[in-house]
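Here the structure is laid out as structure tokens; the discussion comes afterwards.
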Amino acid sequence: MRDENRQAWNRRARKYQAEAGSSLPTDRIHYASPAFPYDDELGLVGDVGGRDVLEIGCGAAQCGIAMAKQGARVTGLDLSEEQLACARELAAREGVSLRLVHGSMEDLSAFADASFDLVFSACALGYVADWAAVCREAGRVLRPGGAFVFSTSHPVFQVVANRELWHDPTYPTSYFARGPLRWEWDEGSGVWFTEYKRTLGDLLNPLAAAGLLLERLEEPQPVRPAAEDPYWDAEQLALARELPLLLIVKARRPG
């Protein structure tokens with residue numbers, strides 16, 4: 001399934017970056033889409049000047065570029081070669097230098113122990129099968145005192161939104177349903193992705209098992225209108241003002 005996601009993102013990357021990706025800023029760290037607070041509004045990442053940062057599942061590396069502009073030494077990692085090509089082109093246009101690495105966030109063996117001050121990911125973790133491995137690897141490559149900051153779809157919202165808005169019979173109706181979910185991006189496109197549905201406990205417990213300490217958990221409401229967001233429509237964002245659509249977590253390696 002990892003290879004299926006790699007191939008799907010290779011086929012989808014250019015269209016995605018031309019549509020939703022083009023709305024993402026390269027001077028502010030985002031967690032989802034323009035409707036939701038940026039990091040300068042939430043303050044989880046904070047000052048990255050002079051820091052070594054690894055962005056996993058970086059896509060076109062809009063966040064990595066923003067951090068590089070703030071003085072960070074940034075490495076971006078993604079499973080999709082085409083996403084990395086988009087990142088390379090965008091970084092060149094923005095006049096910043098990033099190290100871009102092809103690979104899976106479940107296996108960070110390309111990087112030495114304790115080599116980063118921050119591991120960051122924005123809405124990419126749902127595509128990985130072995131979340132516990134991601135947590136272990138993030139903990140390993142972090143320096144003592146370093147932070148793992150990530151966002152992902154909130155498991156509560158996914159179930160309620162399907163019941164009230166999407167009415168997709170292939171999607172689980174139980175919060176406690178787990179496992180892979182295959183879906184086609186644009187009906188008839190033949191571009192199939194696999195995502196992994198998890199509960200809140202499934203997301204948080206592996207952090208503790210990897211020796212990471214939970215520092216903050218945010219469930220932000222939208223702060224900007226749907227007109228500024230190409231990804232979520234007005235009906236979905238209205239629901240997201242009543243139920244959390246987005247989960248943001250900051251965990252720290254002790255030391």
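No experiment lies behind these values; they were computed from the predicted model shown. Residue indices begin at 1 and follow the sequence shown.
Few gaps surround CD on E19; more than 12 heavy atoms of other groups in view lie less than 6.0 Å from it. Within 6.0 Å of the CZ atom in R51, the count of heavy atoms belonging to other residues, nucleotides or ligands does not exceed 12. The environment of Y175 atom OH is dense: over 12 non-hydrogen atoms of other residues, nucleotides or ligands sit within 6.0 angstrom.
Using cut-offs of 30° and 60° on the angle between ring planes, the pair Y31 and F120 is tilted.
Side-chain atoms of L239 and L245, non-hydrogen and from C-beta on, never get closer than 4.5 Å to each other. Using a 4.5 Å heavy-atom threshold, the side chains of V156 and E219 count as separate. Inter-residue side-chain proximity for Y196 and V128 is flagged as unmet; no heavy-atom pair is nearer than 4.5 Å. Using a 4.5 Å heavy-atom threshold, the side chains of R140 and R136 count as separate. Between D52 and S115 there is no side-chain heavy-atom pair separated by less than 4.5 Å. Annotation: side chain of S151 is not in contact with side chain of L247 (no heavy-atom distance under 4.5 Å). Side-chain contact check for R241 versus P222: some heavy-atom pair is nearer than 4.5 Å. Contact annotation: the side chain of F176 never approaches that of V159 to less than 4.5 Å [non-hydrogen atoms, C-beta and beyond].
Hydrophobic clustering (side-chain heavy atoms under 4.5 Å, transitive across Ile, Leu, Val, Met, Phe, Trp, Tyr) groups V141 together with L77. Hydrophobic cluster membership differs between F193 and L181, with clusters built from Ile, Leu, Val, Met, Phe, Trp and Tyr side chains linked at under 4.5 angstrom. Under a hydrophobic-cluster definition in which Ile, Leu, Val, Met, Phe, Trp and Tyr are linked whenever side-chain heavy atoms come within less than 4.5 Å, directly or via other members, Y16 and W192 are assigned to different clusters. Criterion: ILVMFWY side-chain heavy atoms under 4.5 Å apart, direct or through other members. Under it, V249 and L54 are part of a common hydrophobic cluster. Placement of L246 and L237 within a single hydrophobic cluster is found when ILVMFWY residues are connected by side-chain heavy-atom separations under 4.5 Å, directly or transitively.
Atom CD of Q83 sits about 10.5 Å away from atom CZ of R12, to the nearest 0.5 Å. Rounded to the nearest 0.5 Å, atoms CH2 (W232) and CZ (F36) are 7.0 Å apart. The distance from atom CG of L108 to atom CG of D113, rounded to the nearest 0.5 Å, is 11.0 Å. Remark: L165 CG to E235 CD distance equals 4.5 Å, nearest 0.5 Å. Rounded to the nearest 0.5 Å, atoms CZ (R163) and OG1 (T173) are 5.5 Å apart. Going from atom CZ of R73 over to atom OG of S97 covers 12.0 Å, rounded to the nearest 0.5 Å.
Pairing each heavy atom of A68 with each of V96, the nearest pair is CB-CB, 4.1 Å. Closest non-hydrogen pair, K250 versus L44, comes out as NZ-O, 2.8 Å. Across every non-hydrogen atom of R182 and T194, the tightest pair is CG-OG1, 3.5 Å. Across L90 and A60, no two heavy atoms sit closer than the pair CD2-O, 3.6 Å. Contact between P206 and A132 at its shortest, heavy atoms only, is CB-CA, 4.0 Å. For A18 against S22, the heavy-atom pair with the smallest separation is O-OG, 3.0 Å.
Under the 3.5 Å distance criterion, the side-chain polar atoms of D117 are left unmatched by any main-chain donor or acceptor of V53. Side-chain N or O atoms of E184 include one that pairs as donor or acceptor with a backbone N or O of G188 at under 3.5 Å. Panel note: side chain R143, backbone A114; a donor-acceptor pair is recorded below 3.5 Å. The backbone N or O of P34 lies less than 3.5 Å from a partner atom in the side chain of R224, making a donor-acceptor pair. Judged by distance alone, with hydrogens and angles left aside, the side-chain atoms of E41 form a donor-acceptor pair with the main-chain N or O of Y38 at under 3.5 Å. Judged by distance alone, the side chain of H102 and the main-chain N or O of L79 form a donor-acceptor pair under 3.5 Å.
For the 3.5 Å distance criterion, the side chains of Q17 and Q62 qualify, holding a donor opposite an acceptor. Side-chain contact annotation: E106 with S104, donor-acceptor N/O pair under 3.5 Å present. Side-chain atoms of Q158 and N162 include no donor-acceptor pair closer than 3.5 Å. Side-chain contact of N10 with E81: a donor-acceptor pair under 3.5 Å is present, judged by distance alone.
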Could you go step by step and tell me if E82 and K15 meet the salt bridge (charged side-chain N to carboxylate O under 4.0 Å, His left out) rule?
CA-CA 11 Å; E82 196 63 29; K15 185 176 182 181; over 6 Å; no

Test side-chain contact (heavy atoms from CB on, under 4.5 Å) on L84 and C58 and set out the steps.
CA-CA 8 Å; L84 290 173; C58 67; 3.9 Å; yes

Please report the C-alpha distance between I29 and M67 in whole Å, then the side-chain angles of each, then the deciding distance to 0.1 Å, and finally whether the side-chain contact (heavy atoms from CB on, under 4.5 Å) criterion is met.
CA-CA 7 Å; I29 300 166; M67 287 187 265; 3.5 Å; yes

Begin with the C-alpha distance, continue with both residues' side-chain angles, and end with the deciding distance and a verdict on side-chain contact (heavy atoms from CB on, under 4.5 Å) for Q236 and W166.
CA-CA 10 Å; Q236 292 168 329; W166 305 332; 2.9 Å; yes

Verdict with supporting geometry, D107 and E137, side-chain contact (heavy atoms from CB on, under 4.5 Å):
CA-CA 7 Å; D107 177 9; E137 284 290 83; 4.0 Å; yes

From CA spacing to verdict: ring pair (Phe, Tyr, Trp, His ring centres under 6.0 Å), W183, Y171
CA-CA 9 Å; W183 55 277; Y171 195 88; over 10 Å; no

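Electrostatic pairing of D40 and R28 counts as a salt bridge here, judged by a charged N lying under 4.0 Å from a carboxylate O.
Judged as a ring-ring contact (aromatic ring centres under 6.0 Å, His included), the pairs with a partner in residues 143-165 (not counting sequence neighbours) are, in order, W131-F150, F148-F150.
When L204, V119, L142 are each tested for a side-chain contact (heavy atoms from CB on, under 4.5 Å) with L212, only one passes: L142.
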